[in-house]
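Below you'll find the structure, written out as structure tokens, and then a few comments.
In each ligand, atom 1 is the first atom listed, and ligand 1 is the first ligand listed. Predicted, not measured: the structure shown is a model, and the values here were computed from it.
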Amino acid sequence: MTHSSGAFPDRLRPERLSGMLAGGGNDPELFEAADAALRASVGDGVYLRGLVEVSSRCGRGCLYCGLRAGNPEAVRYEMSREEVVRAIRGGYGLGLRSFLLQSGELPSKSLLETVTGVLETVREEMPGTRMVLSMGELPPGLLDRLRRAGAHRYLLRMESFDPGLYARFHPEEDGTWEGRLQVLRHLRDTGWQTGTGVLVGLPGQTTESLARDLLAMREADVDMVGMGPLVPCEGTPLWEERDSLPGPDARVLLTLRMTALLRLMVPDLNIAATTALQTLATNGLERALSAGANVVMPNLTPEPYRSGYVIYPGKGTVADSPAELLDELAGRSGAMGRRLVLGDSGDPPHYGSRMRRMPRAGGGLRPGTVGR
Ligand code: SAH
């Protein structure tokens, strides 16, 4: 197995990817190759994004998500600008230089005011910071405004690049698979550092479908990827189907194989060790790092909001302070022969090479011309 020249991924046809996802390959060898590719192309750094879960309000009905509009048990809140800034300031003081603002999908006037206000404060007070947004599908004009206001990165998981599977878990009235892909392309083509990802272990999802997800993510030319195993959540329609899912260990292993294969296919991406993976496996962080992941997202959301943001169970219960959390992450990364990086926002190398390839005429919003 060679991993240095890029010949390895090109030899991987969909059938072969699917076979490896199904366990037909040699996992230790796969993870080792991914680790070597990671060290050769993005280095041994583990980069941090401080997560702030700004609002749990949501207007959509994704069948797996605890925040879905149809879940009467869900706690609904929206943090204030001051509360978000306080959380970010704390992280900045500890050396974090990138923060992720995440929310359900309901872009109210007040939420947008909060987010643009936070972007403004960060730009004024916290130099060297890259702000990441994950607020769902927003209209192009609004995305452009947020970029001008100082956001650099956007995460929009396709959830599945398989239109049939997507349609099964997303009510039609919320929007289509094509529409979501359109937003992803808009982000990518207007200078955002663009992230996507898929859910792993959906009922009816085959390894063939996951293999196509890998190829589609390479094709989409994104800069960042987060993939997590499905964690069934009470109060969602998918909870009723939980017995028909692959078991938790199988979902974890599938996610790790997806991570390693993607690292080999597109070595210069940033790939997150997701919270969902760490929720299903106690050593999930270590396993993700050793399978090609290089980004961790410590949760900075203050209580009581953190406990109210329940996408799935088990993620909102760690009560460590941010400082303790970073100490723990530094220790665990170090034990893996990896270096936890502070004081650096960790731009994905893929972004730089993509921008150099991007035609000058296209786009409109250029990197380096906005949001500095
Ligand atoms: N509202 C935003 C952010 C969604 S939350 C958006 O629509 O993009 C971030 C991610 O959590 C989702 O993209 C989804 O992939 C993941 N997620 C949702 N429910 C989940 C579950 N039950 N188990 C695991 N991951 C889940």
- prompt: Considering only protein heavy atoms, which is closest to atom 20 (C) of ligand 1, and at what distance to one decimal place?
  reply: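 Nearest protein contact, heavy atoms only, for atom 20 (C) of ligand 1 is Ile311 CG2, 3.5 Å.
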query: When you measure from atom 23 (N) of ligand 1 to every protein heavy atom, which one gives the shortest distance, and what is it?
result: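 In this structure, atom 23 (N) of ligand 1 has Val231 N, 2.9 Å as its nearest protein heavy atom.
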Should the proximity of [X] to ligand 1, defined as any heavy atom under 4.0 Å, be assigned to the side chain, the backbone, both, or neither?
| X | answer |
| --- | --- |
| Pro229 | backbone |
| Arg68 | neither |
| Glu159 | side chain |
| Glu137 | neither |
| Cys58 | neither |

Can you tell me if [X] has a non-hydrogen atom under 4.0 Å from ligand 1?
| X | result |
| --- | --- |
| Gly66 | no |
| Gly104 | yes |
| Met158 | no |

message: Applying side chain to side chain donor-acceptor pair (under 3.5 Å) to Ser321 and Glu324, what does each step give before you reach the verdict?
response: CA-CA 5 Å; Ser321 74; Glu324 287 167 326; 3.3 Å; yes
Check this for me - ligand 1, [X], N or O atoms closer than 3.5 angstrom, yes or no?
| X | answer |
| --- | --- |
| Arg157 | yes |
| Tyr312 | no |
| Ala276 | no |
| Gln102 | no |

field: Pair Asp35 + Arg39: basic N to acidic O under 4.0 Å
entry: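 Yes, this pair counts.
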query: Would you call Asp44 and Arg339 a salt bridge, using N to O less than 4.0 angstrom?
result: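 Result for this pair is yes, salt bridge flagged.
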query: salt bridge (Lys or Arg N to Asp or Glu O under 4.0 Å) between Arg306 and Glu53: does it pass, once the steps are laid out?
result: CA-CA 7 Å; Arg306 185 192 293 218; Glu53 295 154 332; 5.8 Å; no
- prompt: Which ligand 1 atoms are under 4.0 Å away from a heavy-atom of Leu199?
  reply: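 Within the 4.0 Å cut-off of Leu199, ligand 1 contributes 15 (O), 24 (C), 25 (N), 26 (C).
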task: Can you sort out which atoms of ligand 1 are near Glu105, meaning under 4.0 Å from one of its heavy atoms?
output: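 Counting atoms of ligand 1 from 1, those under 4.0 Å from Glu105 are 1 (N), 7 (O).
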message: Working to the nearest 0.5 angstrom, can you tell me the gap between Leu96 CG and Leu326 CG?
response: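 Those atoms lie 5.5 Å apart.
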- request: Could you grab the distance from atom CG of Leu300 to atom CD1 of Ile88, nearest 0.5 Å is fine?
  value: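 Answer rounded to 0.5 Å: 8.0 Å.
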query: For Glu219, does the CD atom have more than 12 heavy-atom neighbours from other residues, nucleotides or ligands under 6.0 Å away?
result: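 No, not enclosed.
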query: So, do His186 and Tyr154 have ring centers that fall under 6.0 Å from each other?
result: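 Judged by ring-centre distance (under 6.0 Å), His186 and Tyr154 do not meet the cut-off.
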task: Measure from NZ or CZ of Arg180 to the centre of the six-membered ring of Trp177 and say whether it is under 6.0 Å with the direction within 45° of the ring axis.
output: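 So Arg180 doesn't make the cation-pi contact.
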- prompt: Checking Arg97 against Tyr92: charged group under 6.0 Å from the ring centre and within 45 degrees of the axis?
  reply: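 Yes, Arg97 and Tyr92 form such a contact.
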task: Please work out which of the three classes, parallel, tilted or perpendicular, describes the rings of Phe169 and Tyr64, given edges at 30° and 60°.
output: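 Ring orientation, 0 to 90° scale: tilted.
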- prompt: Who's closest to atom 3 (C) of ligand 1 heavy-atom-wise, of Gly136, Gly59, Gly226, Ser103?
  reply: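 It is Ser103 that holds the nearest heavy atom.
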